[in-house]
Amino acid sequence: MQNGFTKTVYMSKSEMLNHADKYSKAFNKADYEKLLAGQIPEKDKWKYSSFWYKDFDSQSLKTVLRRLISKWGILSTEIQNAYEKDTSIIKEDGS
């Protein structure tokens, strides 16, 4: 920031795996480890299309940045509204 304030947030890979396992409905930590070990048959790999499986590093970076910004970032009202909408659940009736 212009006043010199900086903040750094770190998460280990095990913390990130636990986070993804807890908060992503499409991700399973045990299945991810099997996928990395090559224990998933080729015909079943289509089941692992979540970006947590396809690009774990990018999803991890996004998660750390979101945590950093949501707690320490100064957000404009437009960004605050976008962040709230991105994390909200929208029902079929639009509510």
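One is the number of the first residue; the rest follow in order along the sequence.
Separating the NZ atom in Lys71 from the CD1 atom in Ile69 is a distance of 14.5 Å, to the nearest 0.5 Å. Going from atom CZ of Phe51 over to atom CZ of Phe56 covers 15.0 Å, rounded to the nearest 0.5 Å.
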Listed pairs under 3.5 Å, donor-acceptor, residues 28-38 side chains, sequence neighbours left out:
residue	atom	partner	partner atom	Å
Asn28	OD1	Ala30	N	3.0
Asn28	OD1	Asp31	N	3.0
Lys29	NZ	Asn18	OD1	2.9

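Listed by first and then second residue, the salt bridge (Lys or Arg N to Asp or Glu O under 4.0 Å) pairs involving residues 6-26 amount to none (not counting sequence neighbours). Residue pairs meeting the side-chain hydrogen bond (donor to acceptor under 3.5 Å, both in side chains) criterion with at least one member in residues 52-65, sequence neighbours excluded, are Asp55-Ser58.
Heavy-atom neighbours of Gln39 CD from other residues, nucleotides or ligands within 6.0 Å: above the threshold of 12.
With sequence neighbours excluded, the residues satisfying side-chain hydrogen bond (donor to acceptor under 3.5 Å, both in side chains) with Ser14 are Ser12. Judged as a salt bridge (Lys or Arg N to Asp or Glu O under 4.0 Å), and not counting sequence neighbours, the contacts of Asp44 are Lys47. Evaluation of the ring pair (Phe, Tyr, Trp, His ring centres under 6.0 Å) rule for Tyr23 yields His19 as partners, not counting sequence neighbours.
The other members of the hydrophobic cluster of Leu65, by chain and number, are Leu61 (side-chain heavy atoms under 4.5 Å, ILVMFWY only).
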